Colleague: 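First the structure, then my questions, so here it is.
None of these values were measured; they are calculated from a predicted model. Chain A is the first sequence line, chain B the second, and so forth, proteins listed ahead of strands; every chain is numbered from 1.
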Amino acid sequence: ETGVTQSPTHLIKTRGQQVTLRCSSQSGHNTVSWYQQALGQGPQFIFQYYREEENGRGNFPPRFSGLQFPNYSSELNVNALELDDSALYLCASSLREGGYEQYFGPGTRLTVT
Amino acid sequence: GQQLNQSPQSMFIQEGEDVSMNCTSSSIFNTWLWYKQDPGEGPVLLIALYKAGELTSNGRLTAQFGTTRKDSFLNISASIPSDVGIYFCAGPRGGGADGLTFGKGTHLIIQP
């Protein structure tokens, strides 16, 4: 069984640029959630995708957007990057019919300068 | 939104000691999850609790779903160096199959 994978591992961007982060869900899972984790904090929910549609969103502006593909993999896109967007971005996969248990990937460390 | 408060914020213990930490909420939760995060990695699910009063073990770890449904507890017995890390509690944000809300974590440090 393959776990959740994310790419890239690290990324450095300049303020105002755009970034795309990628996630492959664990085999058998149909739901992907994205989280932002600032240093010293718990993960903050960005949004969730199920059946290629957004299924719930946290308190993040529209410049945070996403996609889910037919193979359940997902992308997180962030436009007009701000310095405060520097964080660890985590992807978690789950089975919608399987309760609330979510399984996380290793994350992408984004630094905005 | 729902907030989870974890205590203590950090713990310095000796190897072999037992550890207790807790998580409280101002609102009722119907699920509690406990995760552990090592530096530079994603959180790893340790235990999931679905019923008030439930007590579930995973090796040396034991977690309890509080009877008020507003708290949960995690105990680690006979701590070892690899227990070092940050422990997070989490619960559903509400509104159906949605994301999770996390506490700020308890940082466990073990002195040999």
Colleague: So for atom CD, which belongs to A/Glu54, do other residues, nucleotides or ligands contribute more than 12 heavy atoms lying within a distance under 6.0 Å?
Modeller: yes
Colleague: Can you confirm whether more than 12 heavy atoms, excluding those of A/Asn71, are under 6.0 Å from its CG atom?
Modeller: yes
Colleague: Counting only non-hydrogen atoms closer than 4.5 Å, does B/Asn30 touch chain A with its backbone (N, CA, C, O), its side chain (CB onward), both, or neither?
Modeller: side chain
Colleague: Spell out, as yes or no, whether a donor-acceptor pair under 3.5 Å connects the side chain of A/Tyr35 to the backbone of B/Leu100.
Modeller: yes
Colleague: How long is the straight-line distance from CG of A/Leu88 back to CD of B/Glu41, given to the nearest 0.5 Å?
Modeller: 10.5 Å
Colleague: Distance check, rounded to the nearest 0.5 Å: A/Gln102 atom CD versus B/Tyr35 atom OH?
Modeller: 5.5 Å
Colleague: So, do B/Thr101 and A/Phe45 sit near enough that their side-chain heavy atoms are less than 4.5 Å apart?
Modeller: no
Colleague: Between A/Leu95 and A/Tyr49, is there a shared hydrophobic cluster once you connect ILVMFWY residues whose side-chain heavy atoms come closer than 4.5 Å?
Modeller: no
Colleague: A/Gln48 and B/Gly99: which non-hydrogen atoms are nearest, and at how many Å?
Modeller: NE2-N, 4.0 Å
Colleague: Does B/Ile80, at its CD1 atom, have more than 12 non-hydrogen atoms belonging to other residues, nucleotides or ligands within less than 6.0 Å?
Modeller: yes
Colleague: In terms of heavy-atom pairs under 4.5 Å with chain B, which of A/Pro43, A/Gly105, A/Ala92, A/Cys91 leads?
Modeller: A/Pro43
Colleague: Of all the heavy-atom pairs spanning B/Phe102 and A/Phe104, show the shortest one and how long it is.
Modeller: CZ-CZ, 3.6 Å
Colleague: Is there a chain of hydrophobic side chains (I, L, V, M, F, W, Y, each step under 4.5 Å between heavy atoms) that links B/Trp32 to B/Met21?
Modeller: yes
Colleague: Tabulate, in ascending numerical order, the residues of residues 72-85 of chain A having at least one heavy atom closer than 4.5 Å to a heavy atom of chain B, or enter 'none'.
Modeller: none
Colleague: Taking atom CZ of B/Arg60 as the centre, does the number of heavy atoms from other residues, nucleotides or ligands within less than 6.0 Å exceed 12?
Modeller: yes
Colleague: Are A/Leu90 and A/Leu21 connected, step by step, through hydrophobic side chains (Ile, Leu, Val, Met, Phe, Trp, Tyr) whose heavy atoms are closer than 4.5 Å?
Modeller: no
Colleague: What pair of heavy atoms forms the shortest contact from B/Ala48 to A/Glu101, and how long is it?
Modeller: CB-OE2, 3.7 Å
Colleague: Quick check for you: among B/Pro43, B/Gly42, B/Gly91, which has the greatest number of heavy-atom pairs under 4.5 Å with chain A?
Modeller: B/Pro43
Colleague: Taking atom NZ of B/Lys104 as the centre, does the number of heavy atoms from other residues, nucleotides or ligands within less than 6.0 Å exceed 12?
Modeller: no
Colleague: Please determine whether residues B/Phe65 and B/Leu74 belong to a single hydrophobic cluster, defined as Ile, Leu, Val, Met, Phe, Trp and Tyr linked transitively by side-chain heavy-atom distances below 4.5 Å.
Modeller: yes
Colleague: Look at A/Gln44, A/Arg109, A/Arg57, A/Gln37 and state which one has the largest set of heavy-atom pairs under 4.5 Å with chain B.
Modeller: A/Gln37
Colleague: Mark yes when over 12 heavy atoms from residues, nucleotides or ligands other than A/Arg63 sit less than 6.0 Å from its CZ; otherwise mark no.
Modeller: yes
Colleague: Are B/Leu46 and A/Val4 connected in a single hydrophobic cluster, I mean Ile/Leu/Val/Met/Phe/Trp/Tyr linked by side-chain heavy atoms less than 4.5 Å apart?
Modeller: no
Colleague: Chain A heavy atoms under 4.5 Å from B/Gln6: which part of the residue, side chain, backbone, both or neither?
Modeller: neither
Colleague: How about A/Glu53: does its CD atom have over 12 heavy atoms from other parts shown lying under 6.0 Å from it?
Modeller: no
